[in-house]
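Read through the structure below, which is laid out as structure tokens, and then see the notes.
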Amino acid sequence: MEIIGPVLPNIPWQDRPENSQDVIWRHDGNPIISWNPTRHTARIFNSAVVSFEEGWMGIFRADHRDGKARLHLGSSKDGLSWDIEDTEILWTDEKGAPYQPFYAYDPRVVMIEDTYYIIWCTDFGGASLGLGFTKDFRTFTRMENPFIPFNRNGVLFPRKINGNFVMLSRPSDSGHTPFGDIFLSESPDLTYWGKHRRVMTSGGSGWWQNTKIGAGAVPIETTEGWLLFYHGVTTTCNGLVYSMGAAVLDIDYPSKVLYRTRDYLLTPEMPYETTGFVPNVLFPCATLFDPQTGRIAIYYGAADTYLAIAYTQIDELLYYIKNHSELVPSDDVEFR
Ligand code: BMA
């Protein structure tokens with residue numbers, strides 16, 4: 001059970017605490033980003049990181065003191081301590097004209113060939129997906145919005161599959177969306193999208209994911225299939241609760257779910273997860289991983305206020321997922 005990808009020996013890492021048997025464990029210095037992290041930013045949380053040159057780059061969801069979400073750039077030498085810009089990323093369209101989103105949140109970043117693609121939730125007559133790219137983290141080019149509203153949680157696979165780019169997304173409503181399944185779409189050029197499939201649905205006997213689910217981090221290619229960390233949501237008397245689970249998707253036909261955790265892998269327990277601007281939210285958006293050691297660092301937003309990290313080992317995690325898997329019956333249906 002191995003990860004396929006470039007070796008990254010310096011990802012953030014801590015061994016599992018001695019008294020823990022958990023398959024995923026939290027960084028003991030969490031949260032790594034706390035309230036008011038820059039002069040104009042009140043909270044940084046659901047954010048994405050990638051390897052870049054000798055260190056790490058991040059695209060951060062930064063909610064300003066006016067309450068509106070923007071994307072900020074940050075860099076780090078160790079993946080833990082981040083130097084985050086105080087102004088939002090400025091976008092131009094493909095002809096060079098300014099093309100700024102009214103708001104932008106929950107970014108995901110993936111490197112495909114020599115380009116970093118960024119997907120976020122943007123305003124398009126309501127919540128929908130924005131898409132853009134950078135090659136150097138200095139200039140940012142915004143492309144056409146891939147889908148019509150309403151949609152959130154867009155995640156691109158890190159390579160083409162059967163000749164096409166592949167994107168997971170979660171069709172929504174314009175508000176806080178009391179439903180939601182993960183869908184997949186293909187494109188030859190990142191402009192024209194089709195061959196839509198329904199991948200995974202909410203529900204089943206895992207009640208933590210019975211309201212809605214959404215893709216979290218960019219899928220990790222492994223010898224067993226694509227490893228996807230996702231969020232699952234349940235509705236309580238006190239509002240929505242966001243937890244994290246994982247699934248393994250078929251390597252050549254990723255709309256096919258091979259395994260899926262019945263129980264959550266992480267749920268809000270720590271004070272920085274249960275208390276904040278929106279309590280009880282644990283929202284994974286990115287991973288860093290090293291194929292040589294099998295180490296994975298998962299970055300997640302906590303309580304819409306903090307950025308936090310958790311760790312796992314690929315072989316133990318895949319063993320756990322396979323042995324604690326329960327597909328939701330509709331996962332097996334070929335929806336077209
Ligand atoms: C979702 C998104 C996330 C947020 C979550 C909980 O709809 O807006 O950014 O973390 O709600 O508030």
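Nothing here was measured: the structure is a model prediction, and the numbers come from that model. Remember, it's 1-based here, ligands and their atoms both numbered in the order they're listed.
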Practice task
Could you verify whether a donor N or O on one side chain and an acceptor N or O on the other, from Asn164 and Ser187, lie under 3.5 Å apart?
Solution key: no
Problem - Residues Glu273 and Tyr300: side-chain donor-acceptor under 3.5 angstrom - result: yes
Handout entry: Residue part near ligand 1, for His176, under 4.0 Å between non-hydrogen atoms
Key = neither
Practice task
Heavy-atom distances under 4.0 Å are what count here, so tell me which part of Leu240 touches ligand 1: side chain, backbone, both or neither.
Solution key: neither
Fill in the blank from the handout: For Tyr105, the atoms of ligand 1 under 4.0 Å from one of its heavy atoms are 8 (O)
Please check whether [X] reaches ligand 1 - meaning an N/O of the residue sits under 3.5 Å from an N/O of the ligand, judged on distance alone.
X	value
Asn46	yes
Asp106	yes
Asp304	yes

Handout entry: Worked check of side chain to side chain donor-acceptor pair (under 3.5 Å) between Tyr230 and Arg260
Key = CA-CA 10 Å; Tyr230 68 97; Arg260 169 175 178 180; 3.2 Å; yes
Practice task
Identify whether NZ of Lys or CZ of Arg in Arg142 sits under 6.0 Å from the centre of the six-membered ring of Tyr99 and within 45° of that ring's axis.
Solution key: yes
Practice task
List the closest protein heavy-atom neighbour of atom 7 (O) of ligand 1: residue, atom name, distance to the nearest 0.1 Å.
Solution key: Tyr242 OH, 3.6 Å
Handout entry: Sidechain N-carboxylate O distance under 4.0 Å for Arg16, Glu316
Key = yes
Practice task
Please determine if Arg61 and Asp63 form a salt bridge, counting it only when a charged side-chain N lies under 4.0 Å from a carboxylate O.
Solution key: yes
